[in-house]
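Please read the structure below before turning to the comments.
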Amino acid sequence: MNQRYLPLTVLAVAALTFGLAWAASPPAQPAPVTNFGKKAPVIFDHALHAGEGFTCVQCHHNEAEGEYRCGQCHKLETEGGVLRIQDAFHGKDVGVCWSCHRAPEGTHKLKCNDCHRE
């Protein structure tokens with residue numbers, strides 16, 4: 001290997017390793033999830049949801065492309081067939097939060113302000 005490229009190779013391997021490690025384990029502390037709306041962001045506890053049996057890919061369904069934040073794809077309005085962020089979270093029968101927290105058969109009923117604390 002050309003010695004001139006060695007630092008770049010080491011840097012690339014370190015970045016890839018760090019990225020994979022970050023993707024494989026959820027954040028230890030609750031993280032804010034911005035909703036682009038008028039309500040305050042949700043402070044989402046990844047560890048709590050992982051303890052309930054959820055997998056990362058259930059929400060981070062584009063993780064293979066390195067897209068971990070909902071707002072990278074889901075915008076304020078539906079664009080190109082991608083659900084707007086409100087529907088991605090709360091849309092009846094499609095929202096990732098709706099099925100447990102708002103659906104009639106949901107097991108962990110919550111009101112809006114239980115998550116969107118203002």
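Quantities reported herein were computed from a predicted structural model and do not represent experimental measurements.
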Query raised in the report: Does any pair with a residue in residues 76-88 pass salt bridge (Lys or Arg N to Asp or Glu O under 4.0 Å), and if so which ones, sequence neighbours excluded?
Result: Arg84-Asp87
Report all side-chain donor-acceptor pairs from residues 92-99 shorter than 3.5 Å, counting only partners two or more places apart or in another chain.
none

Report summary line: With sequence neighbours left out, the residues meeting ring-ring contact (aromatic ring centres under 6.0 Å, His included) with His74 are His61
Query - Under the salt bridge (charged side-chain N to carboxylate O under 4.0 Å, His left out) test, residues paired with Asp114 that sit two or more places apart - result: none
**Report entry** Value rounded to 0.5 Å, distance of SG in Cys70 from CG in Leu83
**Finding:** 11.5 Å
Query raised in the report: How many angstroms lie between NE2 in His116 and CZ in Phe89, if you round to the nearest 0.5 Å?
Result: 8.0 Å
Query raised in the report: For Arg117, does its backbone N or O pair with a side-chain atom of Lys39 as donor and acceptor, under 3.5 Å?
Result: no
Requested in this report: Can you sort out the partners of Thr107 under side-chain hydrogen bond (donor to acceptor under 3.5 Å, both in side chains), two or more places apart, ordered by chain and number?
Outcome: none
I'd like a table of donor-acceptor pairs (distance under 3.5 Å, sequence neighbours excluded) in which one partner is a side-chain atom from residues 42-54, with atom names and distances.
| residue | atom | partner | partner atom | Å |
| --- | --- | --- | --- | --- |
| Asp45 | OD1 | Ala47 | N | 3.2 |
| Asp45 | OD1 | Leu48 | N | 3.2 |
| His49 | ND1 | Asp45 | O | 3.0 |
| Glu52 | OE1 | His108 | NE2 | 3.4 |

